[in-house]
Each structure stands twice: as structure tokens, then as C-alpha cells.
Amino acid sequence: MLEKLAASMDGTAKEIPALRRRASALDVLSEVGHLLPLLSYLNETARELRKKASILRSPSRSPFDALAQHGLPAGLARKPGAGGEFKTGLKKVLAEYETAVPEARARAVKEYVEGLTSEQQAALAVADPVTVGNLDGVPPPLRFAANRISIQRQYEKETRHLEGLSPASPAFERSRERLLALQRFLSLRRQAVADPKTGKISYREIPRQFLVFQPEAGGVADPVATPFADGKIAEVLGDLETAGDVAFRVPGITNRLDNFQSFADGGVDLLVDGDGAERPDGAVISWLGYDTPEQGDSVDPAKAEVGGRELRAFRRGIGVSLQHDAKVGIFAHSYGTLVTSKALQEGMDDVDKVVFMGSPGLGPNIRSIKDFQMPNTRFFAMRAPGDAVSYTQGHGPDPADFPDITRLDTIKAFGHSDYYDPKAEGVHNLRRVFAGEYDSLTTVDSSLDEEMTGATEIRRLVGFLQERLTPEEVARLGGDIDPIAQGIVSGRMGFTDAAGPLYLSLKDHDLLDKVPPGELFSEVNSLASDVAAKETNKRMLEGGSSETKAILYAGAAKAASWGLAEVVTQPLEVAAKGTRAVNNWTQFAEVLAEGDLNTETWKKSLDKGSDAVTATIDLLNPF
């Protein structure tokens with residue numbers, strides 16, 4: 001707030017010289033003499049506000065403050081070396097249970113740590129915060145305090161790193177974002193609570209609670225942008241040890257420590273009730289405990305297989321800290337649904353409910369819920385209109401199409417990232433699942449064509465490639481297919497626009513022997529003509545035309561689109577050039593019917609020396 005006020009003062013100060021020049025031009029400068037003192041006041045006050053903001057943003061350096069925040073006494077911990085013997089004792093337990101299953105090791109850790117006094121526990125956290133903060137079986141408040149100590153130390157380390165970077169450095173912006181994220185982790189969060197008697201909502205500030213903090217874990221997504229690993233982290237909202245309902249949230253690709261906050265915000269959206277207050281009987285864990293893929297390796301299931309084992313181990317280990325009758329739900333999004341599927345197949349059967357959102361598929365071997373062999377677990381799926389990730393089925397059949405799953409409505413959501421949008425129906429359904437209010441759920445059974453014209457064709461395009469390529473070869477294409485699908489969904493490109501990028505991707509990966517250009521462009525032409533027919537039919541009906549007329553126009557658009565697509569894609573087979581497609585198929589069909597389209601324009605443009613792209617733009621310019 002102080003920084004925003006300072007920025008506002010800066011803005012006002014910048015206007016004053018122009019006002020003085022205007023006053024001078026009007027020969028009334030003497031009448032605005034107060035502007036110079038005002039300019040000085042604004043500049044000095046803005047500087048002071050920023051100094052105060054900097055003080056407020058600087059987290060405490062003392063580990064004892066971390067203990068106090070989570071109700072732990074600091075007396076013994078203040079003595080140098082006081083936690084050494086407890087650290088040694090814990091290491092002995094870990095060595096003894098090194099090969100034990102996660103829950104057995106967690107129970108042994110819990111028994112050891114709870115055998116210490118609260119002062120001894122605090123001394124242990126200060127002596128070895130990295131181990132204590134990330135160890136299942138350690139009481140959650142002790143983990144929270146230990147991780148706060150680790151976050152503080154990492155903050156100081158990365159502050160020194162940022163101070164040594166030039167603002168012009170390619171690593172400056174990402175490093176700054178990561179430091180700001182660490183700063184937010186150390187800050188208090190604002191919690192909305194309802195008075196149990198009156199229902200009136202009030203707000204309080206409480207420390208954040210992290211069950212996992214491993215800043216050096218995972219790969220480095222972009223070594224040029226940052227030298228730091230993506231990191232692993234998990235945050236808890238609510239009282240984990242007393243909650244009757246516990247939710248595990250599992251994210252998808254491109255999630256890292258520096259952008260964790262946007263994922264964590266969804267945890268609050270899930271925990272609040274209809275009045276906006278956080279439920280006192282629920283706890284939400286936003287778990288970024290695996291190395292998420294970037295765009296390039298999102299089609300490779302390898303990280304999901306590792307992440308699935310990590311999720312299963314985490315669920316089993318944290319179980320010793322939960323109520324024995326707590327209802328546990330998994331709320332997974334995007335690639336996180338594949339991670340969850342792998343965890344379930346690894347034996348994570350101690351969950352009561354699972355929600356798959358925007359899934360690219362749960363693996364080629366999972367074609368229905370019965371394949372999990374978990375009859376006592378409720379399964380739900382969400383697919384919002386325009387969610388290209390679900391349309392591609394990059395990792396197997398879309399669970400939203402399973403005959404034995406409950407598909408939840410997502411009214412007002414669109415695309416891949418709106419499932420927690422407070423204004424959409426999806427998040428209300430998520431809250432109902434979380435609370436076990438199954439009778440209040442709203443469901444949907446829409447087809448791909450009903451959701452978005454072109455969705456079926458996106459699925460066909462990806463299927464066309466998958467039929468001709470091995471999974472390893474699909475993985476080699478990396479993230480090339482996903483942005484193409486996203487571009488089609490967003491309207492930035494049509495199917496004929498996709499021909500060039502697809503051709504080049506296959507060429508770059510030496511896969512044209514598996515997908516010959518003739519077959520590729522023939523498939524693109526077919527898809528484009530189908531989309532043209534569907535879109536024309538839809539718009540004609542929306543405009544009040546009869547079904548007969550709509551069908552006729554759709555047929556005309558299909559035929560015309562095929563012809564135009566051939567004109568567009570033929571030079572691509574030779575030159576691999578991108579091009580534009582006609583988006584307004586209704587108008588195109590009408591123009592075609594009137595005989596206004598002259599493909600000679602295209603030929604003449606080529607004769608003048610234009611390339612295929614320019615020639616096609618000349619052709620389509622009237623549209």
C-alpha cells in the first residue's frame with residue numbers, strides 16, 4: 001500500500017513541470033508558485049514511503065521469531081549447540097527406518113519427536129531446519145517453524161545474488177520474482193473468519209504454513225533466466241491435525257517456486273465457504289512436490305511417473321498427522337491429473353474422492369474409472385469449453401468422457417485455467433466435493449462440438465500424429481503441438497495456419513518419413529473444411545436461417561474451404577510457409593455463392609514474385 005501511494009505521488013510530481021510550462025505560456029506563472037514546493041514535498045514523501053515499505057518488507061532474521069510465530073518456546077534453542085543431541089537421535093531413527101514404507105517411517109519419526117519436550121523440539125528445528133521442515137511424522141507446527149527458518153536463509157542468500165546482478169541481466173527479472181515470492185512466504189497472510197454466533201466476517205493476519213520447502217530441488221527450467229532450480233514447496237491452509245476434510249491440490253506444467261503464489265491462491269478459493277470465510281473444519285494442502293515439466297517435455301510421462309511415486313509417499317507419510325477418519329480428496333489439474341493417475345496406480349488407494357480438471361489423459365492404459373480398481377473412491381472430472389489440453393488427449397483418453405465418471409459443470413469458465421475462478425460454477429462444485437455435499441453438485445454432458453467448434457478437429461489432428469509416431473517420437477516434438485492447439489482454440493490461427501508450423505516441427509525432428517507432407521496437408525485440408533461446415537451451420541442457425549439453408553451453406557463452405565485450403569497448403573508442401581486462413585466462414589460461403597472469389601489473384605501475385613504467404617494474403621484481403 002505504501003509503495004502504491006509512493007507511485008501515485010510520483011505520477012503527480014511528473015505532471016507539475018508540464019503545468020508550470022503551461023502557466024508560463026499563459027503568463028500566469030506567478031499564480032502557481034505553490035507548485036514548486038508541492039513538487040519537492042511529493043518527491044521527498046515518496047522516498048520516505050519507499051523506505052518504510054522496505055522496512056516492512058524486510059523479514060525478521062531471527063529463527064526464534066519463527067518459533068514464536070508457531071507457538072514454540074525459544075528458551076533452550078537460544079543455547080549454542082542445544083539441538084545437537086536431538087538431531088543425532090533423529091538421524092538414528094531415520095537410519096533404522098531407511099528402507100521402511102513411508103507411513104512406517106513417519107510413525108517412527110512422530111514417536112521420537114513427540115517424545116521430546118516442546119523446548120527440545122524447538123531446539124531440534126533450529127539445529128536442522130532442512131530435515132525437520134520436510135520430514136513426514138514431524139508435528140506440522142514444528143515443520144512450519146523449521147521451514148520458515150529455511151525460507152529466511154534462502155531469502156538472504158538470493159538477496160545477495162540479486163544485489164550482484166545488473167538490471168540488464170537476462171536473469172534479473174526472474175531472480176527478482178523469486179525473491180519477491182520468498183518475501184511473500186515470510187509475510188503474514190490475511191484470513192477471513194466468520195463469527196460462529198453472528199456469522200459476521202472479520203479478518204486477521206496469521207503466519208503462512210509450509211510443509212515442504214526445497215529450493216534446490218528439481219531441474220532448472222531456464223538457466224539463462226535464473227541459476228536456481230525450480231524448487232519444491234507445499235503450503236497448508238487450516239488446521240491439518242484437526243480437519244475433517246483434507247484436500248491435496250496437484251498442479252500441472254510450468255509451476256515453480258517463483259510463481260507458486262498463483263497456484264496457492266486456488267487453495268484459498270477452495271477452502272472458503274459461500275460467504276467468503278475459510279472453513280474451520282477443513283484443511284487444504286497446495287502440493288508442488290514434484291518437478292513439473294515445461295512446455296517442451298509436457299508430452300513425456302516420465303516426470304509424472306516420478307511425481308506419482310512422490311505424491312503417494314507424501315500422502316502416506318502425512319497421514320500420521322491427520323485425524324483417522326478425515327476425508328481426503330485429490331484435486332488435480334492438467335499434467336497433475338497424470339501425476340495423480342500414476343500415484344493411484346502405484347497404490348495410493350487411501351483417498352475418498354478425486355477430481356481431474358483439464359486433463360490431457362491419465363495414461364493410455366486408463367480408459368475408465370474401473371481401471372483404477374478403487375470402488376470406494378468417488379471420481380469426478382471437469383472440462384471447460386475451449387480447454388485445448390483436454391481436447392488433445394496427449395496422454396490418453398480424456399476422463400471427462402469416461403462413462404463411469406461424474407462430470408461437473410464449469411459454467412462461465414473457458415479455457416485451461418478458469419477452474420478456480422470465483423465467478424464460475426466450477427469452483428462451487430469443487431467446494432461441494434471437498435465438503436462431501438454430493439447432492440448439491442451440478443453436472444454436464446456436453447459434446448466437443450457443443451463446447452467449441454474445432455474441438456473435435458483438434459483431437460483428430462493430435463490423433464492423426466499419434467497414430468503415425470511412437471510415444472518417444474511424440475515426446476521429441478516437445479511442446480510444439482500444444483501452442484498450435486492453443487492458437488487454434490484462441491482464434492489466433494486456423495487449421496490451415498497450423499500446417500506450416502506442424503510441417504516445420506516434423507522436419508526439425510526428422511519425422512517427415514513417418515508423416516509425409518502430402519498426408520499431413522490432406523488431413524489439414526479435411527479438418528479445415530469440417531470446421532468451416534460446422535461454423536457456417538452454427539452461424540446460419542443463430543442468424544435465424546432454416547435448417548435446410550444452413551445445411552446448404554455448410555456444404556458450400558466445406559467445399560470452398562477444401563479448395564481454398566488446397567490453394568493455401570500446396571505451396572507449403574514445397575516452401576513450408578505459414579499462411580492465414582479465412583475465419584469468417586459464413587461470409588466466405590456467401591461470397592463464394594456470389595462468385596466473387598477469384599483464385600487468379602493468388603496466381604498473379606505469385607507471377608509478380610510474391611511468396612506464398614503474401615500471395616495468400618492478397619487473395620484473402622477482401623475478407
From CA spacing to verdict: side chain to side chain contact (heavy atoms under 4.5 Å, CB included), Leu430, Phe331
CA-CA 8 Å; Leu430 293 176; Phe331 295 77; 3.9 Å; yes
Under the ring-ring contact (aromatic ring centres under 6.0 Å, His included) criterion, do Phe379 and Phe372 qualify, and how do the steps go?
CA-CA 10 Å; Phe379 285 87; Phe372 288 121; 5.4 Å; yes
Side chain to side chain contact (heavy atoms under 4.5 Å, CB included) between Met382 and Val444: does it pass, once the steps are laid out?
CA-CA 9 Å; Met382 286 183 173; Val444 68; over 6 Å; no
Full working for salt bridge (Lys or Arg N to Asp or Glu O under 4.0 Å) between Asp445 and Arg407
CA-CA 7 Å; Asp445 188 26; Arg407 185 176 168 198; 5.2 Å; no
Tell me, with the steps shown, if Tyr391 and Leu448 meet side chain to side chain contact (heavy atoms under 4.5 Å, CB included).
CA-CA 8 Å; Tyr391 296 155; Leu448 294 179; 3.6 Å; yes
Please step through side chain to side chain contact (heavy atoms under 4.5 Å, CB included) for the pair Asp230 and Val220, ending with a clear verdict.
CA-CA 6 Å; Asp230 290 352; Val220 179; 5.5 Å; no
Carefully, step by step, assess Ser286 and Glu235 under the rule side-chain hydrogen bond (donor to acceptor under 3.5 Å, both in side chains).
CA-CA 5 Å; Ser286 294; Glu235 182 176 19; 5.9 Å; no
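At a threshold of 4.5 Å between non-hydrogen side-chain atoms, the residues Leu502 and Leu461 count as touching. Glu523 is listed as a side-chain neighbour of Leu527, based on a closest heavy-atom distance under 4.5 Å. Here the side chains of Pro517 and Tyr503 are in contact, with some heavy-atom distance below 4.5 Å. In this structure the side chain of Val355 never reaches within 4.5 angstrom of the side chain of Phe434, judged on heavy atoms. With a 4.5 Å cut-off on side-chain heavy atoms, Arg378 and Asp352 do not count as touching. A heavy-atom distance below 4.5 Å is not found between the side chains of Val284 and Phe248. A heavy-atom distance below 4.5 Å is found between the side chains of Phe402 and Pro397. Contact of the Leu408 side chain with the Val433 side chain is registered, since non-hydrogen atoms from C-beta on lie closer than 4.5 Å.
To the nearest 0.5 angstrom, Arg256 atom CZ is 16.0 Å from Lys232 atom NZ. Rounded to the nearest 0.5 angstrom, Leu162 CG and Glu173 CD are separated by 9.5 Å. Interatomic distance, CZ of Phe314 versus CE of Met348, reported as 11.5 Å (0.5 Å rounding). Note: His509 NE2 to Leu469 CG = 10.5 Å, rounded to the nearest 0.5 Å. The CG atom of Leu520 sits 15.0 Å away from the NZ atom of Lys514 when rounded to the nearest 0.5 Å. Within the model, atoms CZ of Arg312 and NZ of Lys342 stand 15.0 Å from one another, a figure rounded to the nearest 0.5 Å.
Defined by atom type and a distance below 3.5 Å, a donor-acceptor pair is present between the side-chain atoms of Ser341 and Gln345. Asp449 and Thr456 share a donor-acceptor pair across their side chains, judged by distance under 3.5 Å alone. Side-chain N/O atoms of Glu294 and Thr254 include no donor and acceptor closer than 3.5 Å. Between the side chains of Thr442 and Asn429, a donor-acceptor pair is found at a separation under 3.5 Å.
Under a 4.0 Å N-O distance rule, the pair Glu473/Arg468 does not qualify as a salt bridge. Between Arg431 and Glu437, none of the side-chain N atoms (NZ, or NE/NH1/NH2) sits under 4.0 Å from a carboxylate O, so this pair counts as no salt bridge. Under a 4.0 Å N-O distance rule, the pair Arg432/Glu425 qualifies as a salt bridge. A salt bridge links Arg383 with Asp398: at least one charged nitrogen is closer than 4.0 Å to a carboxylate oxygen.
A 6.0 Å sphere centred on CG of Asp513 holds more than 12 heavy atoms belonging to other residues, nucleotides or ligands. Taking a 6.0 Å sphere around CZ of Arg176, one finds it holds 12 or fewer heavy atoms contributed by other residues, nucleotides or ligands.
Between the side chain of Asn525 and the backbone N or O of Phe521, at least one donor-acceptor pair lies under 3.5 Å. Side-chain atoms of Ser169 do not come within 3.5 Å of backbone N or O of Leu165 as any donor-acceptor pair. In terms of modelled atom types and a separation under 3.5 Å, the side chain of Ser334 and the main chain of Gly336 share no donor-acceptor contact. Using a distance-only test at 3.5 Å, with no hydrogens or angles considered, no donor-acceptor pair links the side chain of Arg249 to the main chain of Trp287. No donor-acceptor pair under 3.5 Å is formed between the side chain of Ser522 and the backbone N or O of Gly518. A donor-acceptor pair under 3.5 Å links the side-chain atoms of His333 to the main chain of His416, judged by distance alone. Using a distance-only test at 3.5 Å, with no hydrogens or angles considered, no donor-acceptor pair links the side chain of Asp421 to the main chain of Ala413. At distances below 3.5 Å, at least one donor-acceptor pair connects side-chain atoms of Asp404 with backbone N or O atoms of Lys370. The backbone N or O of Ser368 lies less than 3.5 Å from a partner atom in the side chain of Asp371, making a donor-acceptor pair. The closest donor-acceptor contact from the side chain of Ser359 to the backbone of Phe356 lies at 3.5 Å or more, if one exists at all.
Classification of the Tyr335-Tyr290 ring pair by plane angle, with boundaries at 30° and 60°, yields parallel. Classification of the Phe185-Phe260 ring pair by plane angle, with boundaries at 30° and 60°, yields perpendicular.
For the side-chain hydrogen bond (donor to acceptor under 3.5 Å, both in side chains) test with Gln261, the passing option among Asp265, Asp258, Asn259 is Asp265; the others fail.
Annotation for Leu237 and Val268: closest pair CD1-N, 3.4 Å, computed over non-hydrogen atoms.
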